[in-house]
Amino acid sequence: MLEMKHITKRFPGVVALSDISLSLNSGEVHALVGENGAGKSTLMKVLNGVYQADEGQIFIDGKTVHPRNTREAQHLGISIIFQEFSLVPYLNAYENIFLGRELLTRLGMVNYSAMREKAGSALEAMNVSLPLDKPVAELTVAEQQFVEIAKATLFKCSYLVLDEPSATLTPLEVEKLFEVIRRLQSQGVGCFYISHHLEEIYEIADTVSVLRDGQHVFTGPISSCSQDELITKMVGREVTQAFPPKRAPEAISREAVLEVKALKFEKSEMLSFQVRKGEILGVAGLVGARRTESFLALIGRDHATHKEVLLNGKPCRISSPAAALEQGIGYLPEDRKKSGLFLQFSIRSNIVISNFDKLKGMFGFVSNKKESDLSAYYVDRMRIRTTTDRKMISELSGGNQQKAIIARWLATRCQVLIFDEPTRGIDVGAKAEIYLMLQELADEGLGIVVISSDLPEVVGIADRILVMRYGSIRAELSGKDIDSEKIMYYAAGGE
Ligand SMILES: Nc1ncnc2c1ncn2[C@@H]1O[C@H](COP(=O)(O)OP(=O)(O)OP(=O)(O)O)[C@@H](O)[C@H]1O
Ligand SMILES: [Mg+2]
């Protein structure tokens, strides 16, 4: 059994964890939930030796242990898969798995074939097959995750920490992940599982613990607590309605702000659709629907073989994301790391960075006051949990970093804003606030596109929905026609 007792961890100006005691039995899946910035990742990093606790102790089978880094933790049988992956992108799966402890031949050379074979059988034991020889950058996120898990299990691993493993996975991949977790569980591995998707927790966890503002507020069997009760414990208040009320379909203009007359890229059919002034357009689909690819081709990040686009009725050329932005089309990518987080800058700079034009005062200098007002507004509205926006963005929790990037795009006031999986990793309370802000922008006449794999989310916020499958648009639903079953039906190939 693994125990953490009276753990306290402070960062300058923040008590990230205050007197937390939690335990994990072998074969147990223990979910850890709480709002963005509650302390979940920090607690797990203390357990894995990334951070040293200021107070408190860790026990394994009754004996105290003091891991000073992840390697020492691994020797104690504790492995972590971080919220942000730590694979080396240009190395392949087995080079990553054995990084820093390469298997050697008798002559002291790196034994690639042995590493390849061992990695292969570890993945096979998880019932996962993936290309072993490709650089991991070319694998899907799910596959990368399995490489990380294989890496953990190939060494003595009795306790595994998964920090938001599902945030970037599609529902099918999540099922596969759960299969792997159950398999490990049956081998006696205990898991801490962090997620903002509460339905998942009810599916996989035995026990749930809630952190709030660095405090431990609840631990109990998952069956002892309903989802609503859990949310109330997390946010300390009742969250009533996640989605703002929808506008009547007649109330939305039929005028297109963006009209895609013809768009084709390598793996798609000819696509055509409109984004109307003042509407939220949802884009739904399953794995391989090519939703992201379509929009990357639209904004000019990827090559399109054919592209005819009208902006406010006028033909426009979009040769790159920068050109798109200049013409008023903003795109927030799904991957936080690639989405231009400036880690060495403050929270404030990260929020205002695309808005310098608007912030210029007389003589063309950027006005400090305007900058700080803009930033303060979003920090407050989006509940970005920090003492000051002058802090480095790298000091924020994962979800709060994501909020800051969303704020940057909301603040640009482009005519068309495209959000790809905007609320991944965002807690329930802040999600509701983001939905409200999207609605407000739409009310101001912007065209908003939300690509989302979260069905309740698209159903809850979209005025109109495009359902995609294998690079073609299979259905367009609006008004009363919008419901999860219809979307699934078309997404799965129904006619
Ligand atoms: N390296 C750091 N330096 C300073 N403060 C930090 C650092 N890491 C985390 N914090 C602070 O500690 C608190 C807890 O952060 P933590 O990352 O543990 O939250 P979390 O529960 O994992 O949130 P999320 O759901 O957003 O991932 C936050 O206030 C955060 O800003
Ligand atoms: Mg976290």
Side-chain angles (χ1 to χ4, degrees), residues 4 7-20 22 30-54 56 69-70 80-86 161-168 192-198 200-201 208-218 230-231 233-236 335-337 339 341 343-348 350-351 379-380 382-407 421-434:
M4 285 176 280
I7 303 282
T8 293
K9 174 71 193 167
R10 300 180 196 94
F11 292 112
V14 199
V15 183
L17 300 170
S18 156
D19 191 21
I20 310 256
L22 278 187
H30 191 143
L32 207 52
V33 299
E35 286 184 296
N36 296 128
K40 305 176 298 291
S41 296
T42 303
L43 183 64
M44 293 299 110
K45 285 180 182 166
V46 166
L47 179 61
N48 282 274
V50 178
Y51 296 142
Q52 306 304 306
D54 296 310
N69 50 48
T70 47
I80 184 165
I81 292 166
F82 291 107
Q83 197 165 0
E84 311 288 354
F85 287 169
S86 49
V161 175
L162 295 151
D163 193 348
E164 282 187 51
S166 63
T168 41
F192 273 121
Y193 186 90
I194 301 180
S195 177
H196 291 289
H197 287 276
L198 300 181
E200 284 176 6
I201 283 175
V208 61
S209 288
V210 182
L211 297 187
R212 185 165 80 228
D213 284 341
Q215 315 263 350
H216 181 191
V217 295
F218 176 79
L230 208 55
I231 292 176
K233 289 187 201 327
M234 284 165 59
V235 299
D335 182 323
R336 183 151 65 217
K337 264 194 178 163
S339 61
L341 206 63
L343 284 171
Q344 67 282 30
F345 287 176
S346 68
I347 301 165
R348 185 184 296 179
N350 268 279
I351 292 178
V379 167
D380 179 52
M382 303 189 80
R383 302 173 209 276
I384 297 179
R385 191 168 181 268
T386 179
T387 42
T388 151
D389 65 355
R390 311 303 324 239
K391 257 195 199 170
M392 292 291 132
I393 197 155
S394 55
E395 291 178 31
L396 288 182
S397 75
N400 284 307
Q401 292 179 357
Q402 173 79 352
K403 290 182 202 169
I405 294 184
I406 296 178
E421 307 287 355
T423 60
R424 273 179 177 166
I426 302 249
D427 68 48
V428 274
K431 263 187 196 170
E433 192 63 36
I434 289 170

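When a ligand or atom number is given, it counts from 1 through the structure's own listing order. Any value given below was found using the heavy atoms of this structure, including those in side chains, with hydrogens, waters and symmetry copies removed.
- Near ligand 1, Phe11, Val14, Ala16, Glu35, Asn36, Gly37, Ala38, Gly39, Lys40, Ser41, Thr42, Tyr51, Gln83, Glu164, His196, Arg385, Glu395, Leu396, Ser397, Gly398, Gly399, Asn400 each place a heavy atom less than 4.0 angstrom from the ligand.
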Hey, mind stepping through Phe82 and Lys45 against side-chain contact (heavy atoms from CB on, under 4.5 Å) and telling me if it holds? CA-CA 9 Å; Phe82 291 107; Lys45 285 180 182 166; 4.2 Å; yes
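- A salt bridge links Asp213 and Arg385; the closest N-O separation between the charged side-chain nitrogens and carboxylate oxygens is under 4.0 Å.
- For residue Ser41, an N/O/S atom approaches the Mg ion (ligand 2) to within less than 2.8 Å.
- Here the closest heavy-atom approach between residue Leu211 and residue Leu17 is recorded as CD1-CD2, 4.5 Å.
- Below 30°, between 30° and 60°, or above 60°: for His30 and Phe192 the angle between ring planes is between 30° and 60°, a tilted geometry.
- Every salt bridge (Lys or Arg N to Asp or Glu O under 4.0 Å) that Arg348 has, sequence neighbours left out, goes to Asp389.
- Once rounded to the nearest 0.5 Å, the distance linking OH of Tyr193 with CD1 of Ile201 reads 7.5 Å.
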